[in-house]
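These notes concern the structure reproduced below.
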Amino acid sequence: MIGEEEMNSTGKTFLTDYLLHLADDALILGHRNSEWCGHGPILEQDIALTNISLDLIGQARSLYQYAANILNESHPARNVSEDTLAYLRDNREFKNCLLVEMPNGDWAHTILRQFFFSTYQFFLYEKLVGSVNDTIAAISAKAIKEVTYHLRWSGEWVIRLGDGTDESKERLLKAFDMLWPFTGELFHMVEYEIVAADLGIGADLNLLRSKWDEKLKIVFQEAGILSIIENKIKPGSNWMQSGGKIGKHSEHLGFILAELQFMQRAYPNSEW
Amino acid sequence: MNILVRKYLYGDIPEDNSGGQPQSKNNGSNDWPLWEVFIRNKQGLDHKHVGSLHAADAQMAIENARDVYTRRMEGISIWVVESKYIHASNPDEADSMYDPANDKIYRHPTFYHLPDGLTHI
Amino acid sequence: MHEEKIFQDKLDREIKIEPQDWMPDAYRKTLIRQISQHAHSEIVGMLPEGNWITRAPSLKRKAALLAKVQDEAGHGLYLYAATETLGVTRESTIEDLNSGKAKYSSIFNYPTLTWADIGAIGWLVDGAAIMNQVMLCRTSYGPYARAMVRICKEESFHQRQGFEILLTLSRGTVAQKEMCQDAINRWWWPSLMMFGPKDDDSPHSKQSMDWKIKRKSNDELRQQFVDICAEQVKVLGMKIPDAELKWNEKKQHYDFGQIDWEEFWNVVKGNGPCNRDRLEARKKAHEDGDWVRKAAMAHAKKSKHKKQQTKVG
């Protein structure tokens with residue numbers, strides 16, 4: 001819905017793209033986690049995961065709102081809002097990484113997906129707190145508090161599942177096999193990320209990778225699965241999927257959007 | 001005239017045979033133990049009992065307490081203790097436990113009459 | 001006899017009954033049944049609304065609905081904890097629900113078909129529930145009363161968000177207005193049924209009132225509810241689907257039409273449109289969660305053991 005040319009003419013495409021990427025990551029994972037609400041393994045954890053969903057949706061809203069402001073500045077008539085950005089862009093315009101659109105699977109899948117992502121998000125926001133863009137810095141300062149908890153919570157669950165029963169360990173490793181190929185994309189920088197990083201607005205993801213690896217190592221060690229995992233990920237033997245950040249998604253995203261955007265599509269131009 | 005108070009909303013739907021008996025069955029080792037939660041809020045001086053929850057271990061109990069009982073920023077400090085370690089006074093001994101304090105009015109600040117001009121005391 | 005006198009004396013003086021106090025067996029049983037049904041209602045109640053979390057029409061509505069359904073999980077949790085003070089574990093209480101032995105509020109066996117249903121549930125269903133819950137804040141059993149106080153505090157936003165959803169729809173497009181009226185039409189009568197049968201239909205059970213577990217009769221509460229809604233619906237510019245609804249100057253109350261009691265009893269008995277789906281969803285969540293709960297427990301035991309060993313070593 002937002003013409004490429006129009007955006008280029010503002011000269012700020014990279015910034016809105018970057019914001020949309022960050023927001024889409026948060027929204028889609030928040031949406032996925034929210035599918036658990038009412039179906040969690042025990043009430044306390046149902047509530048905990050919903051808190052994480054709420055945090056992520058909150059982050060997405062702040063980022064969309066900021067992106068909308070920028071877009072409206074150049075074209076006030078267009079009337080972009082957080083909702084038009086979330087509900088009226090199609091599949092190819094979404095810039096979230098593939099990892100967050102992966103189905104919930106069982107609790108182990110959901111936990112591991114969260115752990116991979118929260119670890120990444122933690123080091124990312126840690127950098128973005130120092131962004132030269134004040135709004136991004138402010139949003140990140142709020143978000144990092146939330147993400148610190150997500151990381152702790154998901155990390156502890158990884159340990160519990162790895163060090164729990166034979167079944168839980170097996171399920172965790174299965175989840176690892178499923179999700180690992182989608183982790184490479186987290187650090188694979190696309191154009192708008194490179195520009196953002198060069199300008200001191202975004203983060204250089206190459207610098208985060210080793211911290212991310214280190215954190216995983218500590219947690220997997222405690223979960224008692226480090227050696228198994230190290231065997232699985234011999235360098236060169238793992239093909240990594242990517243494309244989400246530039247709008248080439250898995251088939252899953254289409255179904256997420258069909259549900260997410262149903263109302264806005266079925267009843268256009270309405271207030272809710 | 002109070003004739004009938006059979007309420008079917010949220011309770012009191014007649015059931016054949018459920019829920020009636022206190023039971024200790026099923027407290028299998030796989031059930032997460034019960035914990036009592038105490039929270040001190042920003043203004044509060046003391047930790048206050050706010051409720052209970054289930055958790056596999058103390059760390060999880062604290063996090064669950066954070067998620068369950070501070071959703072509206074109610075607290076800044078959390079204590080948890082496994083419910084089985086709570087010892088309660090016996091209500092039958094309430095007389096001997098609490099009544100003696102009843103006449104010790106000197107423990108209460110209003111017992112002391114001080115001049116009106118005196119402040120910060 | 002002495003104990004029973006103390007118990008009655010406490011009730012008379014509005015002193016709460018606490019877990020360790022002596023209480024008649026029937027009082028305990030009534031409480032366990034009522035509180036656990038209340039807890040189940042909160043938990044099953046997450047499902048019809050939870051349905052719409054992924055389809056909420058705006059990010060603001062999505063976050064509010066998610067927070068609301070989460071609150072219901074919290075309320076279920078507080079209430080299960082209250083039953084545990086009476087000596088039944090949450091696990092066994094949940095087993096009663098999953099096996100179909102225990103009941104929950106029938107209202108949740110109706111389907112949520114459109115977004116407007118989320119508004120109607122907030123306004124009517126939560127509205128009806130709040131009347132009951134406010135009364136229960138003064139219930140005679142301490143842990144139940146305390147749970148209700150907490151719940152009532154948190155509930156206040158639920159009804160408001162529901163009404164606001166309907167208000168927005170009522171000021172919207174033709175399609176939105178129709179959606180709004182349709183939802184009110186479908187939820188109105190089931191909401192009235194939430195208060196239970198008419199007072200004179202089971203004249204032998206005033207025990208709950210005597211024990212001060214409940215403090216107002218079904219019909220009293222129902223009338224109060226009708227009076228409030230009949231006024232509020234005017235703000236929405238919508239209609240309550242009852243041709244007989246009319247202000248009665250003499251009674252200073254609204255008159256209203258007959259409830260379809262046959263439908264009521266059928267839904268209670270399990271013939272509601274969603275009884276089976278709701279129970280299946282709960283059972284599935286519980287069964288799928290089994291290995292997760294076991295894993296956490298196994299890990300907790302292992303780490304405790306490890307710690308002890310390090311201490312010894």
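Heavy atoms only: backbone and side chains are in, while hydrogens, waters and symmetry mates are out. Here is how names work: the chains are called A, B, and so on, in the same order as the sequence lines, proteins then strands, and each is numbered from 1. Everything numeric here is computed off the predicted structure, so don't read it as measured data.
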Taking all heavy atoms of [X] and all of [Y], pick out the closest pair and write down the distance.
| X | Y | result |
| --- | --- | --- |
| C:Thr173 | A:Ser270 | CG2-OG, 3.9 Å |
| C:Leu47 | A:Gly38 | CD2-O, 4.0 Å |
| C:Pro57 | A:Gln264 | O-NE2, 2.7 Å |
| C:Ser58 | A:Tyr87 | C-OH, 3.0 Å |
| C:Ala281 | A:His39 | CB-CE1, 4.3 Å |

Interatomic spacing from [atom1] in [X] to [atom2] in [Y] - rounded to 0.5 Å:
| X | Y | atom1 | atom2 | result |
| --- | --- | --- | --- | --- |
| A:Tyr267 | C:Trp115 | OH | CH2 | 13.0 Å |
| C:Ile53 | A:Ile57 | CD1 | CD1 | 8.5 Å |
| A:Ile42 | C:Asp290 | CD1 | CG | 10.5 Å |
| A:Leu27 | C:Leu59 | CG | CG | 6.0 Å |

Determine, stepwise, if the pair A:Leu161 / C:Trp291 fulfils side-chain contact (heavy atoms from CB on, under 4.5 Å). CA-CA 10 Å; A:Leu161 298 183; C:Trp291 71 270; 3.7 Å; yes

Less than 4.5 Å to any heavy atom of chain C: does that hold for the side chain of [X], its backbone, both, or neither?
| X | result |
| --- | --- |
| A:Ala266 | neither |
| A:Arg32 | neither |
| A:Trp157 | side chain |
| A:Glu156 | neither |
| A:Asp166 | neither |
| A:Glu271 | both |

Counting only heavy atoms not in C:Gln232, do more than 12 sit closer than 6.0 Å to its CD atom? yes

Residue [X] versus chain A: region with a heavy atom under 4.5 Å:
| X | answer |
| --- | --- |
| C:Ile94 | neither |
| C:Ala300 | neither |
| C:Arg282 | side chain |

Scored by heavy-atom pairs under 4.5 Å with chain A, the best of C:Leu66, C:Thr54, C:Thr114, C:Leu169 is C:Thr54

Mind ranking C:Glu164, C:Glu49, C:Arg90 by heavy-atom pairs under 4.5 Å with chain A and telling me who comes out on top? C:Arg90

Apply side-chain contact (heavy atoms from CB on, under 4.5 Å) to the pair A:Asp106 and C:Asp288, showing each step before the final yes or no. CA-CA 8 Å; A:Asp106 62 9; C:Asp288 289 353; over 6 Å; no

So which residues of residues 68-83 of chain C are in contact with chain A at a heavy-atom cut-off of under 4.5 Å? C:Val69, C:Gln70, C:Ala73, C:Gly74, C:Gly76, C:Leu77, C:Tyr80

Contact listing (chain A partner; residues 174-182 of chain C; heavy atom under 4.5 Å): C:Ala175, C:Gln176, C:Met179

Quick one: does any side-chain atom of C:Lys302 pair with a main-chain N or O of A:Asp163 as donor and acceptor, under 3.5 Å? yes

Is a donor on one side and an acceptor on the other found under 3.5 Å between the side chain of A:Glu259 and the backbone of C:Arg55? no

side-chain contact (heavy atoms from CB on, under 4.5 Å) assessment of A:Trp107 paired with C:Arg293: CA-CA 11 Å; A:Trp107 187 250; C:Arg293 297 189 297 272; over 6 Å; no

So C:Lys60 and A:Arg61, side-chain contact (heavy atoms from CB on, under 4.5 Å) or not? Walk me through it. CA-CA 8 Å; C:Lys60 185 183 118 187; A:Arg61 290 185 67 187; 3.6 Å; yes

Under a 4.0 Å N-O cut-off, is there an ion pair linking C:Lys62 with A:Glu82? no

Residue pair C:Val292 / A:Gln45, side-chain heavy-atom distance below 4.5 Å: no

Which residue out of A:Arg171, A:Met263, A:Lys169 racks up the most heavy-atom pairs below 4.5 Å with chain C? A:Arg171

